[in-house]
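In what follows, a single structure is set out as structure tokens and then discussed.
Computed from a predicted model, the values in this text were never measured in an experiment.
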Amino acid sequence: MRASSQATVTQLRVLGVDPGLTRCGLGCVDIDSRRRARLVEVGVVRTPPHASPEIRLLTIAQTLDEWIARLGPNAVSVERIFAQDNLRSVIGVAQVMGVVMVAGARAGLEVAQHTPSEAKAAVTGSGTAGKAQVQAMVQRILGLDAPPKPADAADALAQAICHGWRGGGTGADGVTEMVSAGGAVRASARTPAQRQWAAAQAAARRTGAVDPRRRRNGRGL
């Protein structure tokens, strides 16, 4: 599923990543100052469980590099591990997170992290929403003909939308904002571009822009 890859100066382009070693969801969206989101491209990188970990990570890294070079996002946002009982799964996800952050840093992009609950809350209004609800709301926000599948793809798009709408990125303590760019980590701060983006969104809201989650058939509730 793919749309035009050319972003305009009035749009923020975010590449969202749902990290996983077997399935890594990728979702790129354009978001304008009125919080309207448009699909750029969505997909899933799959790696075979029988392959060695370094080869699987290399496959994901190469795909990320190709997406970044081709689509030209302004920022990369990756889902941050919040809690996980399966240690083996945690290790794989953490390894992919590292690959994503390196890919973003290598391209000189802003790199952010948002927890699954933050992404769910951004698109559905509830941090405990189920996968089907996330898929349905992502479909609605982006105006898609069908819910994005598999769930990894929808989660990646939700991650991108979350960052596009709220900016920043959750720090390790789950409270402070953390964004990184150019090798510096700033807590409770925004980049100049994020401040301009927040100001543009605030101005749009003052002129009557409607939160896309509250739209019904193209009109406000």
Is any side-chain heavy atom of Asn74 less than 4.5 Å from a side-chain heavy atom of Glu110? no

Any ion pair linking Asp32 and Arg38 (charged N to carboxylate O, less than 4.0 Å)? no

Rounded to the nearest 0.5 Å, what's the gap from CZ on Arg70 to CD1 on Ile68? Could you check? 11.5 Å

May I ask you to check whether Thr22 and Arg56 show a side-chain donor-acceptor distance below 3.5 Å? yes

For residues Val17 and Leu64, determine if any side-chain heavy atom of one lies less than 4.5 Å from a side-chain heavy atom of the other. yes

Check the hydrophobic clustering (I, L, V, M, F, W, Y; side-chain heavy atoms under 4.5 Å; chains of links allowed) and say if Val102 and Leu58 are grouped together. no

Show the numbers, then the answer: is there a side-chain contact (heavy atoms from CB on, under 4.5 Å) between Leu21 and Ile60? CA-CA 8 Å; Leu21 201 51; Ile60 295 171; 4.3 Å; yes

Give me the atom names and distance for the closest heavy-atom approach of Ala154 to Val138. O-CG2, 3.9 Å

Might you work through the side-chain contact (heavy atoms from CB on, under 4.5 Å) test for Asp30 and Leu12, ending with a clear yes or no? CA-CA 5 Å; Asp30 284 338; Leu12 178 68; over 6 Å; no

Nearest heavy-atom neighbours spanning Leu15 and Leu26: CD1-CB, 4.5 Å

Determine the minimum heavy-atom distance between Arg35 and Trp165, stating which atoms define it. O-NE1, 3.2 Å

Could you give me the CA-CA distance, side-chain angles and deciding distance for Ile161 and Leu142, then say whether side-chain contact (heavy atoms from CB on, under 4.5 Å) is met? CA-CA 9 Å; Ile161 294 168; Leu142 296 177; 4.3 Å; yes

State yes or no: do Trp67 and Val44 share one hydrophobic cluster built from I, L, V, M, F, W and Y residues joined by side-chain heavy-atom distances below 4.5 Å, directly or via other members? no

From Leu109 CG over to Ser77 OG, what is the distance, rounded to the nearest 0.5 angstrom? 12.0 Å

Has the side chain of Gln159 got a donor or acceptor atom that lies under 3.5 Å from a matching backbone atom of His114? yes

Please determine, by modelled atom types, if Thr128 and Ser126 share a side-chain donor-acceptor pair under 3.5 angstrom. yes

Salt bridge flag under 4.0 Å for residues Asp155 and Lys120: no

Specify the closest pair of heavy atoms between Glu118 and Arg166, including all atoms of both residues, with the distance to one decimal. OE2-NH1, 3.2 Å

Could you go through Glu79 and Met97, starting from their C-alpha distance and side-chain angles, then the distance that decides it, and tell me whether this counts as side-chain contact (heavy atoms from CB on, under 4.5 Å)? CA-CA 8 Å; Glu79 182 178 291; Met97 284 181 64; over 6 Å; no

Rounded to the nearest 0.5 Å, how far apart are CD of Gln135 and CG of Leu157? 10.5 Å

Please report the closest heavy-atom contact between Cys24 and Pro19, naming both atoms and the distance. SG-CA, 4.2 Å

Roughly how far, to the nearest 0.5 Å, is the OG1 atom of Thr115 from the CZ atom of Arg80? 6.0 Å

Closest heavy-atom pair, Ala160 versus Gly16, reported as atoms and distance to 0.1 Å, is CB-N, 3.6 Å

